[in-house]
There are 2 protein chains.
Amino acid sequence: MELFHRHGYNATGIAAILRQAGVNSGSLYYIFPTKEDLLLALLERYKELLWPLVIQPVFDRVSDPIERVFGVLEGYRQMLLATGCGMGCPIGNLALELSDTHPVARKLIAENFEGWRLAIRGCLDDAADRLPPETDRDHLATFVLTVMEGAMMQAKAHRTLEPFEASVAQLREYFERLLADGREWSTPKPER
Amino acid sequence: MELFHRHGYNATGIAAILRQAGVNSGSLYYIFPTKEDLLLALLERYKELLWPLVIQPVFDRVSDPIERVFGVLEGYRQMLLATGCGMGCPIGNLALELSDTHPVARKLIAENFEGWRLAIRGCLDDAADRLPPETDRDHLATFVLTVMEGAMMQAKAHRTLEPFEASVAQLREYFERLLADGREWSTPKPER
DNA sequence: GTCTATAACTCGATAGAC
DNA sequence: GTCTATCGAGTTATAGAC
(Lines give C-alpha, C1' and ligand atoms only; values in the text may rest on other atoms or scores of the structure.)
Protein backbone atom coordinates (compact mmCIF):
# COMPACT_ATOMS: atom_id res chain seq x y z
CA MET A 1 0.00 0.00 0.00
CA GLU A 2 2.74 2.40 0.99
CA LEU A 3 4.67 1.85 -2.24
CA PHE A 4 1.69 1.93 -4.60
CA HIS A 5 0.46 5.05 -2.82
CA ARG A 6 3.80 6.83 -3.04
CA HIS A 7 5.11 5.77 -6.44
CA GLY A 8 2.10 4.35 -8.24
CA TYR A 9 1.52 0.85 -9.56
CA ASN A 10 3.73 0.78 -12.64
CA ALA A 11 6.62 2.59 -11.02
CA THR A 12 6.73 0.11 -8.13
CA GLY A 13 8.84 -2.94 -8.94
CA ILE A 14 8.31 -6.32 -7.35
CA ALA A 15 11.87 -6.07 -6.05
CA ALA A 16 10.97 -2.94 -4.04
CA ILE A 17 7.90 -4.67 -2.63
CA LEU A 18 9.96 -7.69 -1.54
CA ARG A 19 12.57 -5.43 0.06
CA GLN A 20 10.03 -3.32 1.96
CA ALA A 21 8.00 -6.34 3.11
CA GLY A 22 11.11 -8.34 4.05
CA VAL A 23 9.89 -11.25 1.98
CA ASN A 24 11.40 -13.39 -0.77
CA SER A 25 9.93 -13.68 -4.21
CA GLY A 26 8.93 -17.30 -3.72
CA SER A 27 6.68 -16.41 -0.79
CA LEU A 28 5.04 -13.46 -2.52
CA TYR A 29 4.32 -15.39 -5.71
CA TYR A 30 3.01 -18.35 -3.70
CA ILE A 31 0.14 -16.12 -2.51
CA PHE A 32 -0.14 -13.58 -5.35
CA PRO A 33 0.60 -15.31 -8.67
CA THR A 34 0.91 -11.97 -10.49
CA LYS A 35 1.54 -8.35 -9.62
CA GLU A 36 -2.03 -7.57 -10.64
CA ASP A 37 -3.38 -10.13 -8.15
CA LEU A 38 -1.57 -8.21 -5.44
CA LEU A 39 -3.11 -4.98 -6.71
CA LEU A 40 -6.60 -6.48 -6.60
CA ALA A 41 -6.10 -7.78 -3.06
CA LEU A 42 -4.92 -4.32 -2.05
CA LEU A 43 -8.02 -2.70 -3.53
CA GLU A 44 -10.25 -5.17 -1.67
CA ARG A 45 -8.38 -4.29 1.50
CA TYR A 46 -8.99 -0.58 0.93
CA LYS A 47 -12.70 -1.35 0.69
CA GLU A 48 -12.55 -3.10 4.06
CA LEU A 49 -10.58 -0.24 5.64
CA LEU A 50 -12.96 2.52 4.54
CA TRP A 51 -15.25 2.35 7.55
CA PRO A 52 -12.80 1.51 10.36
CA LEU A 53 -10.08 3.91 9.17
CA VAL A 54 -11.82 6.75 7.34
CA ILE A 55 -15.46 7.00 8.43
CA GLN A 56 -15.87 5.59 11.94
CA PRO A 57 -13.18 7.72 13.67
CA VAL A 58 -14.94 10.84 12.37
CA PHE A 59 -18.40 9.61 13.33
CA ASP A 60 -17.14 8.82 16.83
CA ARG A 61 -16.16 12.40 17.58
CA VAL A 62 -18.70 14.28 15.41
CA SER A 63 -22.43 13.75 15.66
CA ASP A 64 -23.89 16.44 13.39
CA PRO A 65 -24.39 14.78 10.00
CA ILE A 66 -23.23 17.81 7.97
CA GLU A 67 -20.18 18.25 10.17
CA ARG A 68 -19.43 14.57 9.66
CA VAL A 69 -19.07 15.25 5.94
CA PHE A 70 -16.57 18.01 6.63
CA GLY A 71 -14.94 15.86 9.29
CA VAL A 72 -14.16 13.24 6.65
CA LEU A 73 -12.67 15.95 4.44
CA GLU A 74 -10.63 17.17 7.40
CA GLY A 75 -9.18 13.66 7.64
CA TYR A 76 -7.82 14.01 4.11
CA ARG A 77 -6.43 17.44 4.95
CA GLN A 78 -4.54 15.79 7.80
CA MET A 79 -3.17 13.21 5.38
CA LEU A 80 -1.94 15.97 3.07
CA LEU A 81 -0.39 17.72 6.05
CA ALA A 82 1.34 14.56 7.25
CA THR A 83 2.81 13.77 3.81
CA GLY A 84 3.77 17.30 2.77
CA CYS A 85 0.96 17.23 0.18
CA GLY A 86 2.95 14.63 -1.66
CA MET A 87 1.05 11.42 -2.02
CA GLY A 88 -2.61 12.32 -2.46
CA CYS A 89 -5.51 9.89 -2.36
CA PRO A 90 -4.35 6.27 -2.80
CA ILE A 91 -7.52 5.29 -4.64
CA GLY A 92 -7.61 8.42 -6.80
CA ASN A 93 -4.02 7.87 -7.88
CA LEU A 94 -4.74 4.31 -8.96
CA ALA A 95 -8.02 5.38 -10.58
CA LEU A 96 -6.26 7.61 -13.06
CA GLU A 97 -3.29 5.35 -13.60
CA LEU A 98 -5.13 2.09 -14.20
CA SER A 99 -8.82 2.61 -15.08
CA ASP A 100 -8.11 2.57 -18.80
CA THR A 101 -5.92 -0.49 -18.93
CA HIS A 102 -6.88 -2.73 -15.99
CA PRO A 103 -10.64 -3.43 -16.15
CA VAL A 104 -10.80 -5.61 -13.04
CA ALA A 105 -8.89 -3.08 -10.95
CA ARG A 106 -11.08 -0.34 -12.40
CA LYS A 107 -14.18 -2.10 -11.10
CA LEU A 108 -12.73 -2.36 -7.60
CA ILE A 109 -11.71 1.29 -7.68
CA ALA A 110 -15.27 2.21 -8.66
CA GLU A 111 -16.51 0.14 -5.71
CA ASN A 112 -14.17 2.02 -3.38
CA PHE A 113 -15.57 5.30 -4.66
CA GLU A 114 -19.10 4.00 -4.27
CA GLY A 115 -18.52 3.00 -0.66
CA TRP A 116 -17.13 6.44 0.16
CA ARG A 117 -19.95 8.17 -1.66
CA LEU A 118 -22.61 6.11 0.15
CA ALA A 119 -21.10 6.94 3.53
CA ILE A 120 -21.44 10.62 2.64
CA ARG A 121 -24.93 10.12 1.27
CA GLY A 122 -25.90 8.56 4.58
CA CYS A 123 -24.88 11.78 6.32
CA LEU A 124 -26.88 13.84 3.83
CA ASP A 125 -29.90 11.60 4.34
CA ASP A 126 -29.59 12.13 8.09
CA ALA A 127 -29.69 15.87 7.44
CA ALA A 128 -32.42 15.63 4.79
CA ASP A 129 -34.86 17.81 6.76
CA ARG A 130 -32.34 20.66 6.90
CA LEU A 131 -31.73 20.69 3.16
CA PRO A 132 -34.04 22.12 0.52
CA PRO A 133 -36.59 19.41 -0.28
CA GLU A 134 -35.66 19.35 -3.98
CA THR A 135 -32.00 18.60 -3.20
CA ASP A 136 -30.65 15.55 -5.05
CA ARG A 137 -28.70 14.05 -2.17
CA ASP A 138 -27.24 11.34 -4.37
CA HIS A 139 -25.77 13.94 -6.72
CA LEU A 140 -24.64 16.00 -3.76
CA ALA A 141 -22.75 13.01 -2.33
CA THR A 142 -21.09 12.49 -5.70
CA PHE A 143 -20.18 16.17 -5.62
CA VAL A 144 -18.50 15.86 -2.22
CA LEU A 145 -16.29 13.05 -3.55
CA THR A 146 -15.60 15.10 -6.67
CA VAL A 147 -14.45 18.03 -4.53
CA MET A 148 -12.31 15.82 -2.33
CA GLU A 149 -10.51 14.19 -5.27
CA GLY A 150 -10.12 17.35 -7.31
CA ALA A 151 -8.83 19.23 -4.29
CA MET A 152 -6.34 16.48 -3.39
CA MET A 153 -5.05 16.51 -6.96
CA GLN A 154 -4.35 20.22 -6.97
CA ALA A 155 -2.75 20.07 -3.53
CA LYS A 156 -0.46 17.34 -4.83
CA ALA A 157 0.39 19.25 -8.02
CA HIS A 158 1.10 22.52 -6.21
CA ARG A 159 2.50 20.88 -3.08
CA THR A 160 0.41 23.28 -1.03
CA LEU A 161 -2.64 22.86 1.18
CA GLU A 162 -4.10 26.05 -0.28
CA PRO A 163 -6.13 24.64 -3.18
CA PHE A 164 -7.53 21.94 -0.90
CA GLU A 165 -8.54 24.43 1.74
CA ALA A 166 -9.95 26.85 -0.83
CA SER A 167 -12.05 24.06 -2.35
CA VAL A 168 -13.39 22.87 0.97
CA ALA A 169 -14.20 26.48 1.90
CA GLN A 170 -16.21 26.80 -1.32
CA LEU A 171 -18.01 23.54 -0.62
CA ARG A 172 -18.80 24.91 2.83
CA GLU A 173 -20.23 28.06 1.19
CA TYR A 174 -22.45 25.86 -0.94
CA PHE A 175 -23.68 23.88 2.04
CA GLU A 176 -24.36 27.05 4.02
CA ARG A 177 -26.53 28.32 1.19
CA LEU A 178 -28.32 24.98 0.94
CA LEU A 179 -28.95 24.95 4.69
CA ALA A 180 -30.16 28.57 4.59
CA ASP A 181 -32.61 27.56 1.87
CA GLY A 182 -33.63 24.57 3.97
CA ARG A 183 -34.47 26.85 6.90
CA GLU A 184 -36.82 28.85 4.70
CA TRP A 185 -38.80 25.66 4.18
CA SER A 186 -39.01 24.64 7.83
CA THR A 187 -39.28 27.90 9.83
CA PRO A 188 -42.55 29.17 8.30
CA LYS A 189 -44.29 26.09 9.64
CA PRO A 190 -44.54 27.14 13.31
CA GLU A 191 -45.89 30.49 12.16
CA ARG A 192 -49.10 28.94 10.81
CA MET B 1 0.37 12.93 -26.21
CA GLU B 2 -2.02 10.23 -27.34
CA LEU B 3 0.01 7.47 -25.68
CA PHE B 4 0.76 9.28 -22.43
CA HIS B 5 -2.91 10.28 -22.23
CA ARG B 6 -4.20 6.77 -22.81
CA HIS B 7 -1.69 4.60 -20.96
CA GLY B 8 0.15 7.03 -18.71
CA TYR B 9 3.83 7.91 -18.64
CA ASN B 10 5.36 4.83 -17.04
CA ALA B 11 3.23 2.38 -18.97
CA THR B 12 4.24 3.91 -22.30
CA GLY B 13 7.49 2.45 -23.63
CA ILE B 14 9.82 4.32 -25.95
CA ALA B 15 9.28 1.51 -28.45
CA ALA B 16 5.54 2.28 -28.59
CA ILE B 17 6.27 5.98 -29.10
CA LEU B 18 8.67 5.23 -31.97
CA ARG B 19 6.13 2.91 -33.59
CA GLN B 20 3.24 5.37 -33.31
CA ALA B 21 5.32 8.33 -34.50
CA GLY B 22 6.92 6.36 -37.32
CA VAL B 23 10.36 7.42 -36.14
CA ASN B 24 13.57 5.58 -35.28
CA SER B 25 15.22 5.74 -31.92
CA GLY B 26 18.21 7.69 -33.23
CA SER B 27 15.97 10.54 -34.35
CA LEU B 28 13.95 10.70 -31.15
CA TYR B 29 17.00 10.67 -28.91
CA TYR B 30 18.72 13.30 -31.08
CA ILE B 31 15.99 15.77 -30.04
CA PHE B 32 14.91 14.40 -26.63
CA PRO B 33 17.94 12.96 -24.84
CA THR B 34 15.75 11.23 -22.25
CA LYS B 35 12.16 10.09 -21.92
CA GLU B 36 11.64 12.74 -19.27
CA ASP B 37 12.77 15.47 -21.69
CA LEU B 38 10.00 14.35 -24.01
CA LEU B 39 7.54 14.51 -21.12
CA LEU B 40 8.60 18.06 -20.26
CA ALA B 41 8.28 19.20 -23.88
CA LEU B 42 4.81 17.67 -23.96
CA LEU B 43 3.78 19.54 -20.82
CA GLU B 44 5.07 22.81 -22.31
CA ARG B 45 3.03 22.06 -25.41
CA TYR B 46 -0.10 21.52 -23.33
CA LYS B 47 0.43 24.96 -21.82
CA GLU B 48 0.57 26.46 -25.32
CA LEU B 49 -2.54 24.59 -26.42
CA LEU B 50 -4.71 25.66 -23.48
CA TRP B 51 -6.00 28.85 -25.06
CA PRO B 52 -6.31 27.87 -28.74
CA LEU B 53 -7.78 24.43 -28.06
CA VAL B 54 -9.66 24.65 -24.77
CA ILE B 55 -10.57 28.25 -24.01
CA GLN B 56 -10.86 30.24 -27.23
CA PRO B 57 -13.35 27.94 -29.04
CA VAL B 58 -15.72 28.29 -26.08
CA PHE B 59 -15.25 32.06 -25.83
CA ASP B 60 -15.97 32.37 -29.55
CA ARG B 61 -19.44 30.90 -29.27
CA VAL B 62 -20.39 31.94 -25.74
CA SER B 63 -20.26 35.54 -24.50
CA ASP B 64 -21.79 35.37 -21.04
CA PRO B 65 -18.87 34.98 -18.62
CA ILE B 66 -20.64 32.50 -16.34
CA GLU B 67 -21.79 30.42 -19.31
CA ARG B 68 -18.20 30.46 -20.56
CA VAL B 69 -17.19 28.62 -17.39
CA PHE B 70 -19.81 25.96 -18.03
CA GLY B 71 -18.91 25.97 -21.72
CA VAL B 72 -15.36 24.94 -20.83
CA LEU B 73 -16.75 22.15 -18.65
CA GLU B 74 -18.99 21.08 -21.54
CA GLY B 75 -15.85 20.71 -23.64
CA TYR B 76 -14.54 18.12 -21.18
CA ARG B 77 -17.89 16.35 -21.23
CA GLN B 78 -17.51 16.08 -24.99
CA MET B 79 -14.06 14.58 -24.53
CA LEU B 80 -15.45 11.98 -22.13
CA LEU B 81 -18.20 11.24 -24.64
CA ALA B 82 -15.75 10.87 -27.51
CA THR B 83 -13.48 8.49 -25.58
CA GLY B 84 -16.14 6.39 -23.85
CA CYS B 85 -15.15 8.03 -20.53
CA GLY B 86 -11.88 6.18 -20.79
CA MET B 87 -8.97 8.54 -20.85
CA GLY B 88 -9.84 11.45 -18.60
CA CYS B 89 -7.89 14.68 -18.32
CA PRO B 90 -4.36 14.35 -19.75
CA ILE B 91 -2.90 16.78 -17.21
CA GLY B 92 -4.81 15.33 -14.27
CA ASN B 93 -3.59 11.83 -15.11
CA LEU B 94 0.03 12.94 -15.20
CA ALA B 95 -0.46 15.05 -12.06
CA LEU B 96 -1.29 12.04 -9.94
CA GLU B 97 1.19 9.70 -11.60
CA LEU B 98 4.25 11.94 -11.50
CA SER B 99 3.91 14.81 -9.01
CA ASP B 100 5.59 12.84 -6.25
CA THR B 101 8.56 11.55 -8.18
CA HIS B 102 9.25 14.03 -11.03
CA PRO B 103 9.70 17.51 -9.53
CA VAL B 104 10.31 19.31 -12.83
CA ALA B 105 7.25 17.73 -14.46
CA ARG B 106 5.26 18.52 -11.32
CA LYS B 107 6.08 22.21 -11.71
CA LEU B 108 4.91 22.25 -15.33
CA ILE B 109 1.73 20.42 -14.36
CA ALA B 110 1.08 23.04 -11.69
CA GLU B 111 1.59 25.73 -14.35
CA ASN B 112 -0.93 24.01 -16.61
CA PHE B 113 -3.45 24.02 -13.75
CA GLU B 114 -2.66 27.65 -13.01
CA GLY B 115 -3.29 28.70 -16.61
CA TRP B 116 -6.64 26.90 -16.66
CA ARG B 117 -7.60 28.37 -13.32
CA LEU B 118 -6.71 31.90 -14.40
CA ALA B 119 -8.81 31.58 -17.56
CA ILE B 120 -11.77 30.69 -15.33
CA ARG B 121 -10.96 33.44 -12.87
CA GLY B 122 -11.04 35.90 -15.77
CA CYS B 123 -14.63 34.83 -16.46
CA LEU B 124 -15.54 35.23 -12.80
CA ASP B 125 -13.95 38.69 -12.74
CA ASP B 126 -16.02 39.62 -15.77
CA ALA B 127 -19.11 38.58 -13.82
CA ALA B 128 -17.94 40.14 -10.56
CA ASP B 129 -20.90 42.53 -10.33
CA ARG B 130 -23.36 39.63 -10.51
CA LEU B 131 -21.74 37.70 -7.67
CA PRO B 132 -22.05 38.49 -3.97
CA PRO B 133 -19.41 41.13 -3.18
CA GLU B 134 -17.73 38.95 -0.55
CA THR B 135 -17.15 36.13 -3.05
CA ASP B 136 -13.52 34.99 -3.20
CA ARG B 137 -13.26 34.63 -6.98
CA ASP B 138 -9.78 33.17 -6.79
CA HIS B 139 -11.01 30.38 -4.53
CA LEU B 140 -14.06 29.94 -6.71
CA ALA B 141 -11.87 29.47 -9.79
CA THR B 142 -9.83 26.86 -7.91
CA PHE B 143 -13.12 25.21 -7.03
CA VAL B 144 -14.19 25.00 -10.68
CA LEU B 145 -10.94 23.21 -11.55
CA THR B 146 -11.41 20.97 -8.52
CA VAL B 147 -14.87 20.01 -9.71
CA MET B 148 -13.69 19.40 -13.28
CA GLU B 149 -10.84 17.11 -12.21
CA GLY B 150 -12.79 15.26 -9.54
CA ALA B 151 -15.69 14.73 -11.91
CA MET B 152 -13.43 13.48 -14.71
CA MET B 153 -11.83 11.03 -12.30
CA GLN B 154 -15.12 9.51 -11.24
CA ALA B 155 -16.35 9.33 -14.84
CA LYS B 156 -13.18 7.46 -15.74
CA ALA B 157 -13.48 5.07 -12.78
CA HIS B 158 -17.16 4.31 -13.39
CA ARG B 159 -16.92 4.58 -17.17
CA THR B 160 -20.12 6.64 -17.11
CA LEU B 161 -20.89 10.28 -17.76
CA GLU B 162 -23.23 10.29 -14.76
CA PRO B 163 -20.85 11.41 -12.02
CA PHE B 164 -19.50 14.14 -14.29
CA GLU B 165 -22.96 15.43 -15.13
CA ALA B 166 -24.11 15.17 -11.51
CA SER B 167 -21.09 17.17 -10.36
CA VAL B 168 -21.53 19.88 -12.98
CA ALA B 169 -25.23 20.07 -12.06
CA GLN B 170 -24.26 20.65 -8.42
CA LEU B 171 -21.76 23.31 -9.42
CA ARG B 172 -24.54 24.94 -11.42
CA GLU B 173 -26.76 24.87 -8.32
CA TYR B 174 -24.01 26.62 -6.38
CA PHE B 175 -23.59 29.30 -9.05
CA GLU B 176 -27.34 29.85 -9.23
CA ARG B 177 -27.41 30.48 -5.51
CA LEU B 178 -24.42 32.81 -5.74
CA LEU B 179 -26.06 34.74 -8.59
CA ALA B 180 -29.35 34.91 -6.68
CA ASP B 181 -27.44 36.39 -3.73
CA GLY B 182 -25.72 38.77 -6.12
CA ARG B 183 -29.08 40.04 -7.36
CA GLU B 184 -30.10 40.87 -3.80
CA TRP B 185 -27.16 43.25 -3.67
CA SER B 186 -27.83 44.99 -6.95
CA THR B 187 -31.64 45.18 -7.31
CA PRO B 188 -32.37 47.25 -4.17
CA LYS B 189 -30.30 50.08 -5.64
CA PRO B 190 -32.87 51.40 -8.17
CA GLU B 191 -35.45 51.40 -5.37
CA ARG B 192 -33.63 54.14 -3.46
C1' DG C 1 5.50 -22.64 2.43
C1' DT C 2 9.86 -20.48 1.77
C1' DC C 3 14.44 -20.27 -0.06
C1' DT C 4 17.99 -18.87 -3.97
C1' DA C 5 19.11 -18.58 -8.58
C1' DT C 6 17.79 -17.36 -12.88
C1' DA C 7 14.94 -17.43 -17.09
C1' DA C 8 12.70 -14.58 -20.50
C1' DC C 9 11.80 -10.32 -21.66
C1' DT C 10 11.35 -5.21 -21.97
C1' DC C 11 13.15 -1.03 -20.52
C1' DG C 12 15.60 3.43 -21.60
C1' DA C 13 19.54 4.73 -23.83
C1' DT C 14 23.90 4.43 -26.89
C1' DA C 15 27.34 3.45 -30.72
C1' DG C 16 28.91 4.00 -34.98
C1' DA C 17 27.91 3.80 -39.90
C1' DC C 18 25.89 6.65 -43.30
C1' DG D 1 20.12 14.27 -38.76
C1' DT D 2 18.80 9.59 -39.30
C1' DC D 3 19.72 4.77 -39.66
C1' DT D 4 20.34 -0.19 -37.45
C1' DA D 5 22.15 -2.98 -34.03
C1' DT D 6 22.71 -3.59 -29.48
C1' DC D 7 24.07 -2.73 -24.62
C1' DG D 8 23.30 -3.20 -19.68
C1' DA D 9 20.06 -2.79 -16.31
C1' DG D 10 15.71 -3.76 -14.58
C1' DT D 11 11.29 -6.02 -15.25
C1' DT D 12 7.85 -9.93 -13.96
C1' DA D 13 7.75 -14.44 -13.12
C1' DT D 14 9.54 -19.40 -12.58
C1' DA D 15 12.38 -23.62 -11.26
C1' DG D 16 13.86 -26.66 -8.16
C1' DA D 17 16.03 -27.44 -3.70
C1' DC D 18 14.81 -27.48 1.08
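Numbers restart at 1 for each chain; the letters A, B, ... are given by sequence-line order, proteins then strands.
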Salt bridge A:D100-B:R6, side-chain N to carboxylate O under 4.0 Å: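 Answer for the salt bridge query: no.
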So that I can tick it off, tell me whether A:R130 and A:D64 are bridged by a salt bridge, with the cut-off set at under 4.0 angstrom between side-chain N and carboxylate O.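 Yes.
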Rounded distance [0.5 Å steps], CG in B:L140 versus CG in B:L178: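 One finds 6.5 Å between CG of B:L140 and CG of B:L178.
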Where along residues 18-35 of chain B does a heavy atom come under 4.0 Å from DNA chain D, residue by residue in number order? B:N24, B:S25, B:G26, B:S27, B:Y30
Centroid-centroid distance, A:W51 to A:F59, less than 6.0 Å: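 Yes, the ring of A:W51 comes within the 6.0 Å limit of the ring of A:F59, centre to centre.
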Just list the side-chain donor-acceptor pairs under 3.5 Å for residues 160-172 of chain A, sequence neighbours left out, or say none.
residue: A:T160; atom: OG1; partner: A:H158; partner atom: O; Å: 3.1
residue: A:E165; atom: OE2; partner: A:R77; partner atom: NH1; Å: 2.6
residue: A:S167; atom: OG; partner: A:P163; partner atom: O; Å: 2.8
residue: A:S167; atom: OG; partner: B:T146; partner atom: OG1; Å: 2.7
residue: A:Q170; atom: OE1; partner: B:Y174; partner atom: OH; Å: 2.7
residue: A:R172; atom: NH1; partner: A:E67; partner atom: OE1; Å: 3.4
residue: A:R172; atom: NH1; partner: A:E67; partner atom: OE2; Å: 2.8
residue: A:R172; atom: NH2; partner: A:E67; partner atom: OE1; Å: 3.2

Chain A contact limits on DNA chain D, taken 5' to 3' with a cut-off of 4.0 angstrom to heavy atoms: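 Here the contact window of chain A covers D:dT12 to D:dT14.
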In short, B:C123 meets B:R68 closest at the heavy-atom pair SG-CB, 3.8 Å
More than 12 heavy atoms of other groups within 6.0 Å of B:K35 NZ: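 Check passes, neighbour count above 12.
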In degrees rounded to 10°, what angle is found between the helical axes fit to the five outermost pairs at each end of the helix from C:dG1-D:dC18 to C:dC18-D:dG1?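 Rounded to the nearest 10 degrees, the bend comes out at 10°.
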Any residue meeting side-chain hydrogen bond (donor to acceptor under 3.5 Å, both in side chains) with B:N10, in chain and number order, not counting sequence neighbours: B:E97
Is it the case that the side chain of B:T83 and the backbone of B:M79 share a donor-acceptor pair, with hydrogens and angles ignored and the cut-off at 3.5 Å?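 Yes; judged by distance alone, with no hydrogens or angles, the pair exists.
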Let me have the donor-acceptor pairs involving side chains of residues 24-32 of chain B, under 3.5 Å, with sequence neighbours excluded, atom names and distances please.
none

